[in-house]
There are 2 protein chains.
Amino acid sequence: MEDQIIKILRKSQLSVTESRRNILEIFIQAGSALAHHDVEEKTSERFDRVTVYRTLQVFMEKGIIHTIPTTENAVLYALCKDDCEEGHHHDNHIHFVCEDCGATTCMDDIHIPEIKLPLGYNALQINMVVNGICAKCKK
Amino acid sequence: MEDQIIKILRKSQLSVTESRRNILEIFIQAGSALAHHDVEEKTSERFDRVTVYRTLQVFMEKGIIHTIPTTENAVLYALCKDDCEEGHHHDNHIHFVCEDCGATTCMDDIHIPEIKLPLGYNALQINMVVNGICAKCKK
DNA sequence: TTAGTCTTTGCAACTTTGTTGCAAAAGGTT
DNA sequence: AACCTTTTGCAACAAAGTTGCAAAGACTAA
C-alpha cells in the first residue's frame, strides 16, 4: 500500500511528503468520491486547510484525481484510473450518487453513450452523474 | 415581456415584487445559465445579496429555474421549460458548457440516452453536462 | 552523512460565498 | 385607505477558498 502510494507520487514527479501520502491514502481507502471537507476530517494528523487545498489542486493538475459535479452544489474528488495523465483526463465513465447513503462512486465499467450535438458544436468532455439508490441501500 | 414575467410569477403563486420581476427578466434575456454572481451583477437596481439568494431559492422551489452542476465548482441556474412544476423537475436534457465563451445552455431537444446500471442500482435523476466548443465560437 | 537548494507547509490575514434573525418596507386584499 | 401578510435590507455570522511569506522538510550530489 505504502509502495503503491509512493509509486503514484513518483510517477507524477511529485516529492513524497507527509500530507501527500496521507491524503492519497485516504482516497485509496475511501473507494468513493470525497469532498474537500471529508478529506480534512479523515486526515490522521491535522494538516492546515490550506495544505489540503493545495494538495488537492496538485493532484488535479497531475491527473491523480478528478472532480465530479453534483447537483448538491458540492465538488467531489475521486481517484483517476491509471490511464489518466497530466493535462488530459479520460472521464468517460458514469458517476453514481446514492441519495440514501450519500456515497458517490465511479462506475468505471459503464461508458457514456454517444450523443449527437447540433451542427457546429464540438464535445471535448462529457460528464454524466446519476442520482438514485445504490445496491447496498436498496433493501 | 412584462406580461410574461407576471404570468410566470402568478402561476407559481408568488407575489410580484421588484426583485422577482428583475431577476426573472435577467434569466429570460440571458438565454443561457447564470451563476449567482452573474445575477447579482446584472440586476439593474442593486438588490441585497441576501435577496438574490432567497429569490433564486424560491424560484428553485417553485420550479421556475433549475440548477446545473459543473466541474468548475460553480452552480449555475437556468430557466425551466413550461412542463416543470413545483417539486418535480423534468431535467432530462443535456447541458452544454462552451469552454471558449463560457456560456452554458440547455439543449432542450437532445434527450439523455438510456443507460444500463448494475443490478440493484436504481436511477432517479440523470444529469449530463457536455463541455466543448459551441457553434458561435467554432470559427 | 552532510551541506545546499528547491519545494512544501503552516500561519495570518483576507476575500468570497452562503446563512439567520429581525425590524422596516412593500405587496395583496377588502 | 386600512389592514394583514410577505418580502426586503441590514447586521452579524459561519463557512469556503485564496495569497504572501518565513520556517520546515524533501531531494541532490559530493
Side-chain angles (χ1 to χ4, degrees), chain A residues 2-3 5-26 33-62 64-77 86, chain B residues 2-3 5-27 33-62 64-77 86 102:
Chain A
E2 192 64 19
D3 285 1
I5 289 169
I6 292 174
K7 211 167 152 188
I8 295 173
L9 292 174
R10 278 273 145 74
K11 193 185 157 194
S12 301
Q13 298 175 305
L14 291 175
S15 52
V16 181
T17 67
E18 257 312 287
S19 52
R20 286 179 185 160
R21 277 216 308 260
N22 207 312
I23 292 175
L24 189 45
E25 190 176 356
I26 288 167
L34 299 169
H36 170 95
H37 185 76
D38 301 323
V39 176
E40 247 184 297
E41 275 187 341
K42 295 198 183 208
T43 45
S44 55
E45 306 180 39
R46 277 279 160 281
F47 299 105
D48 198 85
R49 273 170 0 96
V50 179
T51 301
V52 177
Y53 277 111
R54 290 197 270 225
T55 303
L56 292 176
Q57 214 170 288
V58 171
F59 283 2
M60 282 284 295
E61 283 165 16
K62 296 295 184 179
I64 298 174
I65 57 174
H66 64 275
T67 52
I68 303 168
T70 72
T71 30
E72 301 300 307
N73 181 10
V75 186
L76 297 176
Y77 301 89
E86 187 166 354
Chain B
E2 193 62 20
D3 285 359
I5 289 170
I6 292 173
K7 211 168 153 188
I8 294 173
L9 291 174
R10 279 273 144 73
K11 192 185 158 194
S12 303
Q13 298 174 305
L14 291 175
S15 52
V16 181
T17 67
E18 257 312 287
S19 52
R20 285 178 185 161
R21 277 216 307 261
N22 207 312
I23 292 174
L24 189 46
E25 190 176 356
I26 288 167
F27 275 104
L34 299 170
H36 170 95
H37 184 76
D38 301 323
V39 176
E40 248 183 296
E41 274 185 344
K42 296 196 182 207
T43 45
S44 55
E45 307 180 38
R46 277 279 162 279
F47 299 105
D48 196 87
R49 274 171 359 95
V50 179
T51 302
V52 177
Y53 277 111
R54 290 197 270 226
T55 304
L56 292 176
Q57 215 170 289
V58 171
F59 283 2
M60 281 284 293
E61 284 164 16
K62 296 294 184 180
I64 297 173
I65 59 175
H66 65 276
T67 54
I68 303 168
T70 71
T71 31
E72 302 299 307
N73 183 7
V75 186
L76 296 176
Y77 301 88
E86 187 166 355

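The chains referred to below are lettered A, B, ... by the order of the sequence lines, with proteins before strands, and numbering in each begins at 1.
Between R54(B) and the choices L56(B), V50(B), V52(B), the side chain to side chain contact (heavy atoms under 4.5 Å, CB included) rule is met once, by V50(B).
T55(A) OG1 to E18(A) CD: the interatomic distance, rounded to the nearest 0.5 Å, is 11.5 Å. Taking OH from Y53(B) and CG from D48(B), the interatomic distance works out to 10.5 Å, rounded to the nearest 0.5 Å. Note that CG of D38(A) and CD1 of I26(A) are 10.0 Å apart. Values are rounded to the nearest 0.5 Å.
Across all strands shown, R10(A) has heavy atoms under 4.0 Å from sugar-phosphate atoms exclusively, and none from any base.
Atom-to-atom, NZ of K62(A) to C1' of dT8(C) comes out at 14 Å; the value is rounded to the nearest Å. E61(B) has its CD atom 14 Å from the C1' atom of dT7(D), to the nearest Å. One can place CG of L14(B) at 10 Å from P of dG28(C), the figure rounded to the nearest angstrom. Distance Q13(A) CD to dT7(C) C1': 14 Å, rounded to the nearest Å.
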Q) Could you write nucleotides 9-21 of chain C as a row of B, S and -, 5' to 3', where a protein heavy atom under 4.0 Å of any base atom gives B, of only sugar-phosphate atoms gives S, and otherwise -? A) BBBB----BBBBB
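OP1 or OP2 of dT7(D) sits under 4.0 Å from a side-chain N or O of S15(B).
Checked by atom type and distance alone, the side chain of T51(A) never pairs as donor or acceptor with a backbone atom of F47(A) at under 3.5 Å.
Ion pairing of E2(A) with R21(A) is present here, as a side-chain N (NZ or NE/NH1/NH2) and a carboxylate O approach within less than 4.0 Å.
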